[in-house]
Amino acid sequence: MAASSSLQFTATPFNQFHSKQVPKHATKWGTIRCSTASPSKSYNITLLPGDGIGPEVISVAKNALQLVASIEGFEVAFEEMPMGGAALDAVGVPLPAETLNSAKKSDATLLGAIGGYKWDKNEKHLKPETGLLQLREGLQVFANLRPATVLPQLVDASTLKKEVAEGVDLMVVRELTGGIYFGKPRGFGTNENGQEIGFNTEVYAAYEIDRIARIAFETARKRRGKLCSVDKANVLEASMLWRKIVTALASEYPDVELSHMYVDNAAMQLVRNPKQFDTIVTNNIFGDILSDEASMITGSIGMLPSASLGAAGPGLFEPIHGSAPDIAGQDKANPLATMLSAAMLLKYGLGEEKAAQRIEAAVLDTLNRGFRTGDIHSAGHKLVGCKEMGEEVLKSIDSKTPAAV
């Protein structure tokens with residue numbers, strides 16, 4: 001595989017749609033590495049290891065952030081806080097107020113994973129996943145950017161034929177704080193026949209659609225100029241409004257080619273011909289499903305990062321994989337999605353483009369050198385665990401000079 005392969009998440013720079021142009025300079029309370037010159041910038045990062053493999057992958061990503069910061073001449077200070085099942089066990093709630101406050105005050109937040117079998121039978125308000133929804137709502141991060149890129153080094157790991165998977169490079173822009181996950185009314189009740197029912201509401205206000213659509217248009221403009229809006233406008237009123245507003249906005253972006261697709265067809269087309277897509281914008285539930293589907297085109301959900309951004313305030317960055325409790329603590333997890341999430345944190349959250357490129361280049365170099373965790377392993381490559389994979393990426397970071405911005 002060519003060592004010159006590039007890993008690029010070509011989405012809109014965060015500061016182009018974020019009102020906080022320069023992250024605040026936080027109090028320096030934890031210099032990571034000594035230097036002969038005093039760093040001119042300092043950032044506070046909240047770490048949320050969470051559950052399952054979360055602590056393992058966060059530890060690796062933290063090391064990468066420390067190293068690139070010292071190389072690029074800025075400081076990073078970390079505050080580790082409980083969330084999810086770990087917080088439930090510690091204090092009885094999935095998102096303690098102190099954790100949310102730390103995230104709000106930070107320059108960015110990096111999350112590992114939450115959830116596990118242990119808490120599956122908890123009441124809804126005491127489930128780890130409820131804490132994640134509360135965190136997104138509390139930070140007001142309404143735009144979730146999920147890249148899905150088939151790296152040439154891993155094309156054979158895709159479940160699709162090589163000719164279908166090769167060259168796939170798409171971005172899913174998912175609305176994150178509206179729709180059926182947050183809509184009201186919701187709950188349980190009894191119907192006219194006395195039968196127990198559960199109900200949820202898919203609802204979107206015009207401003208929610210407008211703001212996510214604008215980010216999607218801007219993202220497409222910075223990529224290949226194609227935007228596909230995915231909805232179910234032949235059935236759902238919320239989708240009818242979605243399509244109406246997205247269509248109206250298209251006149252403001254004449255350089256972006258807009259198309260529409262029903263979600264069932266989009267799910268089929270992602271498997272049939274994923275290269276037809278550049279940027280996809282869709283609602284909360286459809287984005288959740290389609291981005292996970294897209295992840296498997298790349299070979300493993302363990303490879304994909306995400307960035308959740310708002311109109312103001314810090315962003316939330318996390319791998320899209322789950323907590324994988326079946327392999328937790330066994331040094332089997334793939335840390336690359338979390339390390340690439342750390343790169344997105346640097347790029348979109350802190351504006352540290354060169355530092356982000358160092359991590360991205362190091363991930364590619366490590367794959368080029370043949371290292372693989374179990375989820376992406378194939379014959380002829382070296383099988384390593386989470387810790388060793390992280391160490392190999394750190395070696396590459398320390399030896400590589402990123403391409404010019």
Side-chain angles (χ1 to χ4, degrees), residues 8-13 16-17 142-150 158 160 163-180 202 204 206 208-298 301 304-309 320 344:
Q8 295 181 350
F9 301 140
T10 48
T12 308
Q16 289 193 18
F17 52 78
F142 63 85
N144 184 223
L145 276 58
R146 293 190 173 191
T149 303
V150 177
S158 175
L160 299 182
E163 60 267 26
V164 176
E166 196 168 33
V168 169
D169 175 17
L170 62 90
M171 177 75 76
V172 178
V173 180
R174 169 191 173 191
E175 200 289 324
L176 200 59
T177 57
I180 201 167
E202 167 75 359
Y204 272 103
E208 293 176 301
I209 303 170
D210 181 274
R211 65 185 183 181
I212 191 67
R214 289 183 183 278
I215 288 178
F217 274 109
E218 293 288 347
T219 299
R221 174 177 277 172
K222 296 295 182 179
R223 289 172 53 86
R224 298 189 300 278
K226 293 177 61 179
L227 176 63
C228 180
S229 177
V230 174
D231 58 38
K232 194 63 176 171
N234 58 335
V235 175
L236 302 176
E237 283 79 2
S239 279
M240 295 174 193
L241 179 63
W242 180 283
R243 183 171 292 206
K244 174 184 175 182
I245 292 174
V246 173
T247 301
L249 277 177
S251 62
E252 299 182 27
Y253 300 89
D255 54 329
V256 176
E257 177 188 339
L258 173 65
S259 62
H260 301 275
M261 193 174 289
Y262 296 143
V263 63
D264 45 349
N265 186 32
M268 179 181 72
Q269 294 296 332
L270 272 172
V271 176
R272 176 182 172 273
N273 180 22
K275 285 195 284 285
Q276 70 183 281
F277 296 105
D278 172 23
T279 305
I280 295 172
V281 62
T282 192
N283 70 9
N284 205 338
I285 189 169
F286 297 161
D288 193 357
I289 296 166
L290 293 179
S291 60
D292 279 5
E293 181 187 11
S295 75
M296 292 314 299
I297 299 171
T298 71
I301 200 170
L304 298 189
S306 75
S308 300
L309 312 172
I320 73 170
M344 293 189 84

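In this text, all values refer to a predicted model and were calculated from it rather than measured experimentally.
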Once ring pair (Phe, Tyr, Trp, His ring centres under 6.0 Å) is applied, what residue pairs with a partner in residues 243-283 remain, sequence neighbours excluded?
Phe217-Tyr253
With ring pair (Phe, Tyr, Trp, His ring centres under 6.0 Å) as the rule and sequence neighbours excluded, what pairs involving residues 218-239 come up?
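Non-adjacent pairs meeting ring pair (Phe, Tyr, Trp, His ring centres under 6.0 Å): zero.
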Would you mind reporting whether [Y] and [X] have side-chain heavy atoms less than 4.5 Å apart?
X: Arg214; Y: Leu249; value: yes
X: Leu304; Y: Thr298; value: yes
X: Ser239; Y: Phe286; value: yes
X: Ile209; Y: Lys244; value: no
X: Leu236; Y: Tyr204; value: no
X: Ile301; Y: Asp292; value: yes
X: Asn284; Y: Ile180; value: no

What's the shortest heavy-atom distance between [X] and [Y], and which atoms?
X: Leu176; Y: Ala143; result: CB-N, 4.4 Å
X: Pro147; Y: Met171; result: N-SD, 3.5 Å
X: Glu208; Y: Gly178; result: OE2-CA, 3.9 Å
X: Pro274; Y: Leu170; result: O-CD2, 4.0 Å
X: Arg243; Y: Met261; result: NH2-N, 4.1 Å
X: Val230; Y: Val263; result: CG1-CA, 3.5 Å

State which residues pass side-chain contact (heavy atoms from CB on, under 4.5 Å) with [X]; sequence neighbours excluded, sorted by chain then number.
X: Ser306; result: Asn144, Arg146, Glu318, Ile320
X: Glu293; result: Ala267, Leu270, Val271, Leu290
X: Ile289; result: Ile285

Is a salt bridge present between Glu166 and Lys275, judged by a nitrogen-to-oxygen distance below 4.0 Å?
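Between Lys275 and Glu166 there is no salt bridge, as every charged N stays at least 4.0 Å from the carboxylate O atoms.
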Test: Asp278 and Arg224 ion pair at under 4.0 Å
yes
Dump the intermediate steps for side-chain contact (heavy atoms from CB on, under 4.5 Å) on Leu258 and Ser229, then the final yes or no.
CA-CA 7 Å; Leu258 173 65; Ser229 177; 4.3 Å; yes
Once rounded to the nearest 0.5 Å, what's the spacing between atom [atom1] of [X] and atom [atom2] of [Y]?
X: Met240; Y: Asn234; atom1: CE; atom2: CG; value: 7.5 Å
X: Thr279; Y: Leu227; atom1: OG1; atom2: CG; value: 6.0 Å
X: Ser259; Y: Gln276; atom1: OG; atom2: CD; value: 8.0 Å

Does the Ser158 side chain pair with the main chain of Ile297, one donor and one acceptor, at a distance under 3.5 Å?
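Side chain of Ser158 to backbone of Ile297: a pair is present.
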Only one of Glu202, Glu175, Arg174 clears side-chain hydrogen bond (donor to acceptor under 3.5 Å, both in side chains) with Asn283; which?
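Passing option: Glu202.
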Answer with yes or no whether the side chains of Gln269 and Asn273 bring together a donor and an acceptor at under 3.5 Å.
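There is no such pair (donor and acceptor under 3.5 Å, judged by atom type) between the side chains of Asn273 and Gln269.
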Could you walk me through whether Lys232 and Val235 pass side-chain contact (heavy atoms from CB on, under 4.5 Å), step by step?
CA-CA 6 Å; Lys232 194 63 176 171; Val235 175; 4.0 Å; yes
How would you list, by chain and number, every residue that makes a ring pair (Phe, Tyr, Trp, His ring centres under 6.0 Å) with Phe142, sequence neighbours excluded?
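Here no residue qualifies.
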